[in-house]
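A, B, ... follow the sequence lines: proteins, then strands. Residue 1 opens every chain.
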2 protein chains.
Amino acid sequence: MRIRNIDKVQLVKQTAIALIVKDGLEGFSMNKLAKACSISVATLYIYYKDRDDLILKIAHEEGTVMAEAMIKDFNPDMPFEYGLRRQWKNRYQYMVDYPLMNSFFEQLRTSSYQEEFLAGFLTEFKVTMGKFMHNIINRGEIEVMPFEVYWSIAFSPLYNLIRFDNEGQSMGGMPFKMTDEILWKTFDLVVKALKK
Amino acid sequence: MRIRNIDKVQLVKQTAIALIVKDGLEGFSMNKLAKACSISVATLYIYYKDRDDLILKIAHEEGTVMAEAMIKDFNPDMPFEYGLRRQWKNRYQYMVDYPLMNSFFEQLRTSSYQEEFLAGFLTEFKVTMGKFMHNIINRGEIEVMPFEVYWSIAFSPLYNLIRFDNEGQSMGGMPFKMTDEILWKTFDLVVKALKK
DNA sequence: AATATAAATGAATATTCATTCATTTATATT
DNA sequence: AATATAAATGAATGAATATTCATTTATATT
C-alpha cells in the first residue's frame, strides 16, 4: 500500500500555523491552506476529519511541545526566585525557538476554540504551577494571594514583553526589541513585587 | 426627506459588539448581524461602506470612549502612586461599566485589523502615558526603564485580572471573580515592584 | 396636499467556504 | 510481476459569504 508522505503532513501543519498567524482564524480557510501547500484540498481531509479537527489537533500537538518546554529543568520544590527564573528562561527560550507560536496560541485563546484548547494540554501544566505557588507560600517566601493574582504578577509582564517584541513596535517611537538585559531587569522587578 | 433612525444605528452597533464578543470575528457576518437586528442587510451598507468599515468605525468610536474614560481625573503631572492608582481605578470602572468591551478590543488586537485599530485612537493616549512615565522617572520616583517594561509591569497584571474575570474561570478550581480587595492588593504589589 | 429625497427594503449576485466522491497513483506485500 | 490498499487528486456540491440594485417607504420642505 501507498505510504503517507510525512513531509507533506509537516508542511500542512507549518503552513497552517503561518497562515493563521498572518491572517487570523477569520482569514484562514481549508482551500487557502491547500493552495498554499500546493496540494489538493481533499488531501487535508485524509489527514484531518474537518476544519475544527485540523485546528485543534495542531494546537494540541504544539501545545504539548510548549508545555514540555516550559517545565524543562523545573520542579515545583525549587526555591521561589530560582524556580521562577527557570520558568522565565524556558518561556523566553521557547519564544526564540518558535517565534510564531505565541501569536498562534493567542489566536486560539481569543477564539471560539478557547475552551477546548485550554481544557486540553494545560491541565497537568497548571497542576505543576499551582503546586509551586503553594510551596512558596507555605514556606513563607511570598505572601498569601489568589492564584490569579500570583499569575498576573509573575507571568503577564513577561508575556506582554514577548507580545511587544512580536509586534515589533509598541507604544513608544522605536520598535521594541527584547534583549537578555531587558528580560532580566523586568524579572528583578517582578521578584521585588512578590518577595516578602 | 426621511430621517435616519438613530435607535437602529445604535442597535446595529451594540449588536455587532455582542456578536463579535460571542462568536469572534471569524463567526461574525453581515447577514447574521442584519438578522440579529431584524433589519435588511442592505441597510447596513447605508450606515457603513463595507464590512471592514463597520468593524473599524465601531472600534474607533468605542476606542475613543475608552481612551477618555482612562484619563478621567488624571494628568501626567501627578505623583507616581497617586497617578497610577487613578489609572487603575479608571480601567476597573470601565470594565464594570462596559463589560463586553475588553473582549471586543482583544478580538481586534489579535486580528488582521490589529494595525489599523492600534494606529487609530491610541496616539494621543500613548503620549499622555509616556509623559507620565517620563515625569516620574525624572523626579526619581521609579528607576529608569524602557516604556515597554514600565507598561508591562504597571498594567499587564491589571489587564490579566480583568481577562480572568471575564472568562469567569481560570487556572485554579473555582471561577475567578474580581473584587475591590483583590484589585488593590494587586495594585500594592505593582507599586512595590516599580517604586524606588 | 404635493414633492423631493434619503432611508429602508427584498431579492438577487458572484464569490468563497467546508466538505464529498469517483478516480488515479504509489508502494508494501504476495 | 501481480495484487491489494491507502494516499492523493480534480472536480464537484450546497451553504454561507459580502455586496448590489431596483423598488418602496417615511418625512422634511415646499
Ring-plane angle category for A/Trp151 and B/Phe164, please: parallel below 30°, perpendicular beyond 60°, tilted otherwise.
perpendicular

Report yes or no: do B/Tyr113 and B/Asp52 form a side-chain donor-acceptor pair below 3.5 Å?
yes

Under the salt bridge (charged side-chain N to carboxylate O under 4.0 Å, His left out) definition, can you give me all pairs with a residue in residues 73-85 of chain A, not counting sequence neighbours?
A/Asp73-A/Arg86, A/Glu81-A/Arg85, A/Glu81-A/Lys195

Enter the distance from B/Tyr150:OH to B/Ile142:CD1 here, rounded to the nearest 0.5 Å.
6.0 Å

Single hit among B/Asp165, B/Ile162, B/Leu161, B/Leu158 for side chain to side chain contact (heavy atoms under 4.5 Å, CB included) with B/Leu183
B/Leu158

Of the residues in residues 25-34 of chain A, which ones touch DNA chain C at a heavy-atom distance under 4.0 Å?
A/Phe28, A/Ser29, A/Met30, A/Asn31, A/Lys32

Flag yes if A/Phe125 and A/Leu56 sit in one hydrophobic cluster, no otherwise; membership is Ile, Leu, Val, Met, Phe, Trp, Tyr, and two members link when side-chain heavy atoms are under 4.5 Å apart.
yes

Reading 5' to 3' and counting Watson-Crick or G-U wobble pairs with both distances under 3.5 Å, write the dot-bracket notation for DNA chain D, | for bases paired outside the strand.
||||||||||||||||||||||||||||||

Closest heavy-atom pair, A/Asn135 versus A/Pro76, reported as atoms and distance to 0.1 Å, is ND2-O, 2.7 Å

Please list every donor-acceptor pair under 3.5 Å in which a side-chain atom of residues 58-66 of chain A meets a protein atom from a residue at least two apart or in another chain.
from    : atom 1 : to      : atom 2 : distance (Å)
A/Glu61 : OE1    : A/Lys13 : NZ     : 2.4
A/Thr64 : OG1    : A/His60 : O      : 2.9

Taking all heavy atoms of A/Asp50 and all of A/Asp53, pick out the closest pair and write down the distance.
OD1-N, 2.9 Å

Contact boundaries of DNA chain D with chain A (under 4.0 Å, heavy atoms), 5' to 3'?
D/dA4 to D/dA11

Ignoring hydrogens and angles, tell me if any N or O in the side chain of B/Thr110 forms a donor-acceptor pair with the backbone of B/Gln107 under 3.5 Å.
yes

Sorted by chain and number, sequence neighbours left out, side chain to side chain donor-acceptor pair (under 3.5 Å) with A/Glu124 holds for none

Pairs meeting criterion salt bridge (charged side-chain N to carboxylate O under 4.0 Å, His left out) with involvement of residues 135-147 of chain A, two or more places apart
A/Arg139-A/Glu141

Among residues 4-16 of chain A, which residues get a heavy atom nearer than 4.0 Å to DNA chain D?
A/Arg4, A/Asn5, A/Lys8

Not counting sequence neighbours, list each pair that qualifies as a salt bridge (charged side-chain N to carboxylate O under 4.0 Å, His left out) and has a residue in residues 100-110 of chain B.
A/Glu106-B/Arg109, A/Arg109-B/Glu106, B/Glu106-B/Arg109, B/Glu106-B/Arg163

Return the set of residues passing side chain to side chain donor-acceptor pair (under 3.5 Å) with A/Asp7 (not counting sequence neighbours), or none when no residue passes.
none

Name each donor-acceptor pair under 3.5 Å that joins a side chain in residues 30-48 of chain B to protein atoms two or more places apart or in another chain, with its distance.
from    : atom 1 : to      : atom 2 : distance (Å)
B/Lys32 : NZ     : B/Gly27 : O      : 2.8
B/Ser40 : OG     : B/Ala42 : N      : 3.1
B/Thr43 : OG1    : B/Ser40 : O      : 3.3

Any residue of residues 42-56 of chain B with a heavy atom less than 4.0 Å from an atom of DNA chain C:
B/Ala42, B/Thr43, B/Ile46, B/Tyr47

